[in-house]
Amino acid sequence: MNLRDPAESPHPVVRRLETGEFDEGPEYATYRRRGTTDWLLVQTLDGTGRFGAVAADPGTVVLVRPRTRHDYATTGPRWHFLYAHLHPKPDWLPLLDWPEVAPGILLLRPAHAAADRIAGHLRDAVRHQRSVLTQGEQLSANALEAALLWCDTQNPKAVRIDDRLLRVIELIDHDLKARFDLPRLARAVNLSVSRFAHLFREQLGVSPQQFVERRRLDAACRLLELTARPIASVAAEVGYPDPLYFSTRFRLHTGLSPTAYRVSGTRGR
């Protein structure tokens, strides 16, 4: 057998999803001349690998389309990576439209913070798939979908939101009761107030203050729909210590008072 025709590697049997984490040495290599019928996703955590001539450096995420030749290997002393073989749900397909860097090989280079989030969700997918719970496979699929959604935030072919704005959105969602004035939000991402406000409106179409209010009032809608908490408690939970002011803003947002909204939602169920 010559170098142009390596030994064929075993083919995984993938019913829907197969995930894992490998930490391999310099001898690691995989070759499948006709690829597999599933998609292969690989995120490099440490060390270096390659897919054909495409480098897989730390943080990069590679997708290999079905029926694309598998020719990947360690290129240094170590290659530590997370992987998923998947048959995607139909609604995942738009999330797999990444830049193609070689025939059938797609690649993203996410920002550091996004790469960490992608890795966290992929690790959750691995953990859930190993679970003894009957819901383990579904939990694993949900974690993989979250990883793909974070990949989509880094896809230059998609409508991409600046990573600094993603951090601000996470900050807001983490504690809706907190005081979010412009200077605080701008400081959180090391931007001037004017630059931050301009970037936010440019990418999200609303001012930061309008965005915070929408998040709070949308959260209030969910609480009114799903709980029996008093209106004052709901208001405080989403950052409105004054229930009367909350009711005024809620009516402007939904066209209904909080009480009327709750009654209408209950009837709808």
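Remember, predicted model here, so these are calculated numbers, not experimental data. Just so you know, residue 1 is the first one in the sequence shown, and it goes up from there.
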Residues passing the salt bridge (Lys or Arg N to Asp or Glu O under 4.0 Å) test with Arg78, sequence neighbours excluded, are Asp23, Asp46

Run the numbers on Trp79 and Thr48 for side-chain hydrogen bond (donor to acceptor under 3.5 Å, both in side chains), then give the verdict. CA-CA 5 Å; Trp79 189 20; Thr48 55; over 6 Å; no

Under the side-chain hydrogen bond (donor to acceptor under 3.5 Å, both in side chains) criterion, do His253 and Asp218 qualify, and how do the steps go? CA-CA 9 Å; His253 181 65; Asp218 285 345; 3.1 Å; yes

Supply the atom-to-atom distance Leu108 CG to Cys151 SG, rounded to the nearest 0.5 angstrom. 5.5 Å

Spell out, yes or no, whether Leu106 and Leu40 are grouped together once hydrophobic residues are joined by side-chain heavy atoms under 4.5 Å, including indirect joins. no

Could you please spell out the steps behind the side-chain hydrogen bond (donor to acceptor under 3.5 Å, both in side chains) verdict for Ser140 and Glu137? CA-CA 5 Å; Ser140 182; Glu137 183 178 11; over 6 Å; no

Phe250 side, atom CZ; Ser257 side, atom OG - distance, nearest 0.5 Å: 8.0 Å

We want to know whether Gln43 and Tyr83 form a side-chain donor-acceptor pair, criterion being a heavy-atom distance below 3.5 angstrom. no

Any luck finding a side-chain donor-acceptor pair between Asp38 and His87 under 3.5 Å? no

In terms of ring plane angle, is the pair Tyr28 and Phe81 parallel, tilted or perpendicular, where the classes change at 30° and 60°? tilted

Do Leu95 and Val64 share a hydrophobic cluster, counting only Ile, Leu, Val, Met, Phe, Trp and Tyr and linking them when any side-chain heavy atoms are less than 4.5 Å apart? no

Salt-bridge present (Glu8, Arg33; N to O < 4.0 Å): no

Leu107 with Leu149, same ILVMFWY side-chain cluster at under 4.5 Å: no

Under 6.0 Å between the ring centres of Phe196 and His198? no

Any salt bridge linking Arg50 with Asp71? Criterion: basic side-chain nitrogen under 4.0 Å from a carboxylate oxygen. yes

Parallel, tilted or perpendicular: which describes the rings of Tyr240 and Phe246, with under 30° parallel and over 60° perpendicular? tilted

Just verifying a value: how many Å separate Leu86 CG and Leu148 CG, rounded to the nearest 0.5 Å? 7.0 Å

Do the side-chain N and O atoms of Glu24 and Thr74 include a donor-acceptor pair separated by under 3.5 angstrom? no

Please tell me whether Leu96 and Leu144 are part of a single hydrophobic cluster in this structure, the criterion being side-chain heavy atoms less than 4.5 Å apart. yes

Would you call Arg164-Asp162 a salt bridge at under 4.0 Å N-O? yes

Lys/Arg N to Asp/Glu carboxylate O, Arg123 vs Glu21, below 4.0 Å: yes

Exercise: identify the closest heavy-atom pair between Ala55 and Arg109: O-NH2, 4.5 Å

With the threshold set at 4.0 Å, does a side-chain nitrogen-carboxylate oxygen contact exist between Arg184 and Asp181? no

Using every non-hydrogen atom in the two residues, find where Pro66 and Thr37 come nearest and quote the distance to one decimal. CB-O, 3.5 Å

Applying the 4.5 Å side-chain criterion to the ILVMFWY set and letting contacts propagate, would Val61 and Leu17 be lumped into a single cluster? yes

